[in-house]
Colleague: 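Below you will find the structure I want to go over with you.
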Amino acid sequence: MSNDAAVLAYTLRLADNALILAQCMVELVTAEPELEEELANANFALDYIGQARMLYTYAGELEGKGRSEDDFAFMRDEHEFANLLLLEQPNGHFGDALVRQFLFDAFYVHLLDAITRCSDERLREIAARAVKEVRYHLRHCSQWLVRLGDGTELSHNRVQTSLDYAWRYTGEMFAGDEIDQAINADIDGPDLEAIHGLWRKDVESVVAEATLSLPDDSWMASGGKQGRHTEQLGFLLAEMQYLQRSFPGATW
Amino acid sequence: MSKQEWPLYEVFIRSKAGLSHRHAGSVHAPDDQMALDNARDTYTRRSEGVSLWVVRSDQIIASDPAENSAFFEPAEDKIYRHPTFYDIPDGVENL
């Protein structure tokens, strides 16, 4: 795989992660339990959408076939999306959505930090902006995880169940394939093994403070990066893409 | 289960270094640290500030509106407390 093809594929993976998580969070708009959390959730979703837009625009330039950010977001099918399986999982209850974002952000913050030191200038710039946003998201999610875990017996048990369920989707973040290897070798990009260590340490510390137990690393789901998704993504895309599919090029 | 309201916090924002914190509004939050997060998410979305204070509303000692006449009205007819009776020499630019 050529250097340019790897950077394009990697940029789309980053963009898809941001967009699919944002879409799940957008589904929660007007449904948060408190007004302040409503604002936080919508702000965070917009942060991810902003990151996705910058990344899709860059992917379009790399590809050189005139595809716009909207073409990438609304005119591709399930198997062309390369987001992590974790991010397409249903919102569930407040604790489920929180754990999903916590586990991802704890990874994403280190990934972005590493990308700010890679040799691709555009990715560096996008990551430098995104990492500040995600640092705050992670702080906010960590605070909530501690409060739910170390809260009542009910909140503890429910969020422990969320953590146990989501854990099976964390292995994929660190399972590098040829694109991850090319990014690491060719443009001095993230080293997933090193990031796994940092992630594990951060997650362990918050989970311990939350008086929760870290699930065992048993079977891990994978395939999202390669376009093999869980059934959830189809429903998500059907809703997200409906308007552009039915009325291509519609604007207002 | 009956829904309990979170306590109310007052939010103060310093808009830039050197200025004082000003009251911006209030938020609900389950505890002090979350109040800071909620204040950040509610009141600094459009880069309104560089520093935030939150304080529980029930910790503020406020004057009693019923005592307004005793508290504030005596100052109304003390015009000599305003520095308007001095002639400023022409050469002074900043005073």
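What you see is a predicted model, and the numbers here were worked out from it, not measured in a lab. Order of the sequence lines sets the chain letters (A, B, ...), proteins ahead of strands, with each chain counted from 1.
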Colleague: Between Arg45(B), Arg40(B), Gln33(B), which shows the greatest number of heavy-atom pairs under 4.5 Å with chain A?
Modeller: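 Most heavy-atom pairs under 4.5 Å with chain A: Arg40(B).
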Colleague: Looking at Glu37(A), Glu38(A), Gln143(A), which one has more heavy-atom pairs under 4.5 Å with chain B than the rest?
Modeller: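 Greatest number of close heavy-atom pairs with chain B: Gln143(A).
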Colleague: Identify whether the distance between the nearest side-chain nitrogen and carboxylate oxygen of Arg129(A) and Glu125(A) falls below 4.0 Å.
Modeller: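 Looking at Glu125(A) together with Arg129(A), the answer is no, because their closest N to O distance does not fall below 4.0 Å.
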Colleague: Can you tell whether the side chains of Arg76(A) and Asp16(A) come within less than 4.0 Å, N to carboxylate O?
Modeller: yes
Colleague: Could you tell me which of Thr42(B), Asn38(B), Asp37(B), Asp31(B) has the largest number of non-hydrogen atom pairs under 4.5 Å with chain A?
Modeller: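 Of the options given, most contacts go to Asp37(B).
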Colleague: Is Arg22(B) close enough and on-axis enough to Phe12(B), meaning under 6.0 Å and within 45°, for cation-pi?
Modeller: no
Colleague: Yes or no on side chain to side chain donor-acceptor pair (under 3.5 Å) for Gln51(A) and Asp47(A), after CA distance, side-chain angles and deciding distance?
Modeller: CA-CA 6 Å; Gln51(A) 294 166 18; Asp47(A) 287 345; 6.0 Å; no
